[in-house]
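To keep things clear, I will list the structure first and then write my remarks on it.
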Amino acid sequence: MAGRFRSGLPLFRRAITAADAPKTVLRPTFTNTEFLRNYASATPAKEQKVKVPVTMFGVSGNYASALYIAAVKSNTLDKVESELLTLVEASKKSPRFSQFMKDVSVSKDTRVKALTDICAEAKFSDITRNFFVVVAENGRLKHVERISQRFSELTMAHRGEVKAIVTSVIPLPPAEEKELKETLQYILGEGKKVLVEQKIDPHILGGLIVEFDQKVFDMSIRTRARQMERFLRQPINLDGQ
């Protein structure tokens with residue numbers, strides 16, 4: 001069975017080197033005052049311009065970008081990330097708290113007081129506390145988990161980390177994982193650190209599916225079998241034309 005996904009590595013190397021991926025990314029400066037207001041407890045004497053490392057859209061993307069800018073300006077990026085993940089994990093472990101976060105019928109004052117008390121008890125930083133207050137005021141608490149995920153994407157990009165999700169039928173042996181990481185590292189170049197996350201899915205039948213940097217390379221046996229089936233179903237031209 002090991003050979004069934006080992007053959008996917010050469011295919012992956014050929015596919016990744018042939019991919020015509022864009023080399024530049026738009027990096028806008030986030031200035032929307034709806035999201036930035038009150039995130040910082042004090043305004044610096046000289047405004048520091050911060051650009052988000054990854055362009056994001058939607059509610060979660062906007063809030064995550066604003067929080068990232070505030071955290072970078074206050075030099076508390078790692079602390080804010082840790083505090084955000086702490087509250088998200090607490091929500092997952094407490095059905096009652098999770099329901100509270102999702103309940104849009106709760107009044108704004110109740111939401112704000114609850115989050116303020118929680119942040120004070122947990123001794124969260126001013127940036128994190130003010131962020132949760134703004135989110136509570138705007139009725140966006142149900143988006144906190146997704147905001148946290150997008151924020152982690154920004155912090156990883158800030159640190160030069162790239163997550164590669166590798167799906168196979170069985171866990172990759174250390175040698176195979178090392179070879180895959182070296183291939184990805186070569187493609188991404190210096191200044192990037194590859195973090196491999198393995199997923200097991202017997203339904204792909206064999207081979208590999210590699211996802212990273214908003215790209216998907218599917219070298220699974222399931223996909224190749226489907227491609228072959230479509231090819232075999234095509235009508236045959238007996239006239240040779």
Side-chain angles (χ1 to χ4, degrees), residues 30 32-42 50 52-159 161-167 171 195-203 211 214:
F30 200 93
N32 193 325
T33 55
E34 176 188 352
F35 303 104
L36 288 175
R37 68 182 183 85
N38 296 328
Y39 275 27
S41 56
V50 177
V52 292
V54 178
T55 305
M56 293 190 169
F57 304 97
V59 172
S60 59
N62 287 336
Y63 277 93
S65 299
L67 180 59
Y68 171 84
I69 292 172
V72 170
K73 286 183 176 182
S74 61
N75 196 29
T76 57
L77 191 62
D78 291 342
K79 182 173 177 56
V80 170
E81 180 181 23
S82 175
E83 292 170 344
L84 191 58
L85 292 174
T86 295
L87 190 135
V88 169
E89 288 303 313
S91 175
K92 291 179 179 179
K93 294 177 181 178
S94 171
R96 184 177 180 184
F97 183 47
S98 177
Q99 181 60 35
F100 168 80
M101 297 280 283
K102 298 174 183 177
D103 192 349
V104 295
S105 67
V106 178
S107 68
K108 181 176 72 173
D109 291 343
T110 301
R111 293 195 304 265
V112 171
K113 185 179 185 307
L115 268 297
T116 300
D117 292 344
I118 290 172
C119 291
E121 183 177 349
K123 295 184 170 52
F124 284 169
S125 62
D126 290 342
I127 294 292
T128 304
R129 181 197 63 208
N130 293 339
F131 165 74
F132 280 121
V133 168
V134 171
V135 172
E137 285 179 344
N138 294 338
R140 302 294 192 181
L141 287 177
K142 64 181 181 180
H143 296 285
V144 164
E145 183 174 354
R146 182 57 179 156
I147 294 172
S148 174
Q149 294 171 349
R150 304 307 300 277
F151 185 76
S152 290
E153 293 175 25
L154 292 173
T155 58
M156 287 182 64
H158 178 87
R159 293 189 290 262
E161 298 172 347
V162 177
K163 178 186 286 187
I165 301 175
V166 182
T167 304
L195 304 177
V196 175
E197 176 184 329
Q198 294 191 40
K199 288 187 177 181
I200 306 302
D201 183 2
H203 295 96
E211 304 169 64
Q214 299 182 343

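All residue numbers in this chain count up from 1 along the given sequence.
How far CG of Leu115 is from CG of Leu87: 6.5 Å, rounded to the nearest 0.5 Å. Asn62 contributes atom CG, which lies 9.5 Å from atom CZ of Arg140 (distance to the nearest 0.5 angstrom). We find the CD-CG distance between Glu145 and Leu84 to be 10.5 Å, quoted to the nearest 0.5 Å. Going from atom CG of Leu195 over to atom CD1 of Ile165 covers 11.0 Å, rounded to the nearest 0.5 Å. Interatomic distance, Ser152 OG to His158 NE2, rounded to the nearest 0.5 Å: 13.5 Å. In this structure, OG on Ser148 lies 9.5 Å from CG on Leu67, to the nearest 0.5 angstrom.
Listed by first and then second residue, the side-chain hydrogen bond (donor to acceptor under 3.5 Å, both in side chains) pairs that reach into residues 87-99 come to none, sequence neighbours excluded. Counting only residues at least two apart or on different chains, the side-chain hydrogen bond (donor to acceptor under 3.5 Å, both in side chains) pairs with a member in residues 75-88 are Ser74-Thr76, Asp78-Arg159, Lys79-Glu83, Glu81-Thr155, Glu81-Arg159, Glu83-Ser125, Glu83-Thr128. Sequence neighbours left out, not one pair with a member in residues 98-109 passes salt bridge (charged side-chain N to carboxylate O under 4.0 Å, His left out). For residues 80-110, no residue pair satisfies the ring-ring contact (aromatic ring centres under 6.0 Å, His included) rule, not counting sequence neighbours.
Between Ile147 and Ser60, the shortest heavy-atom distance links the atoms CG1-CA, 3.7 Å. Residues Val54 and Leu154 come closest through the heavy atom pair O-CD2, 3.7 Å. Contact between Val80 and Ala71 at its shortest, heavy atoms only, is CG2-CB, 4.0 Å. The heavy-atom pair separating Gly61 from Met56 by the smallest distance is CA-CB, 3.7 Å. The minimum heavy-atom distance linking Leu141 with Ala136 is given by the pair CG-CA, 4.0 Å.
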(request) Mind running side-chain contact (heavy atoms from CB on, under 4.5 Å) on Met101 and Val144 for me, showing each step along the way? (result) CA-CA 8 Å; Met101 297 280 283; Val144 164; 3.8 Å; yes
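Evaluation of the ring pair (Phe, Tyr, Trp, His ring centres under 6.0 Å) rule for His143 yields no partner, not counting sequence neighbours. Judged as a salt bridge (Lys or Arg N to Asp or Glu O under 4.0 Å), and not counting sequence neighbours, Glu211 has no contacts. By the ring pair (Phe, Tyr, Trp, His ring centres under 6.0 Å) test, Phe132 is found to be paired with no residue, residues two or more places apart in sequence or in another chain being considered. In this view, Lys163 and Glu197 satisfy the side-chain hydrogen bond (donor to acceptor under 3.5 Å, both in side chains) rule, not counting sequence neighbours. For Ala164, the side chain to side chain contact (heavy atoms under 4.5 Å, CB included) partners are Leu184, Val194, Phe212, not counting sequence neighbours. Applying the salt bridge (Lys or Arg N to Asp or Glu O under 4.0 Å) rule to Arg146 yields no partners; only residues at least two apart in sequence or on another chain are considered.
In this structure, the side chain of Thr110 does not engage the main chain of Val106 through any donor-acceptor pair within 3.5 Å.
Taking 4.5 Å as the limit, some side-chain heavy atom of Tyr63 sits within range of a side-chain heavy atom of Phe131.
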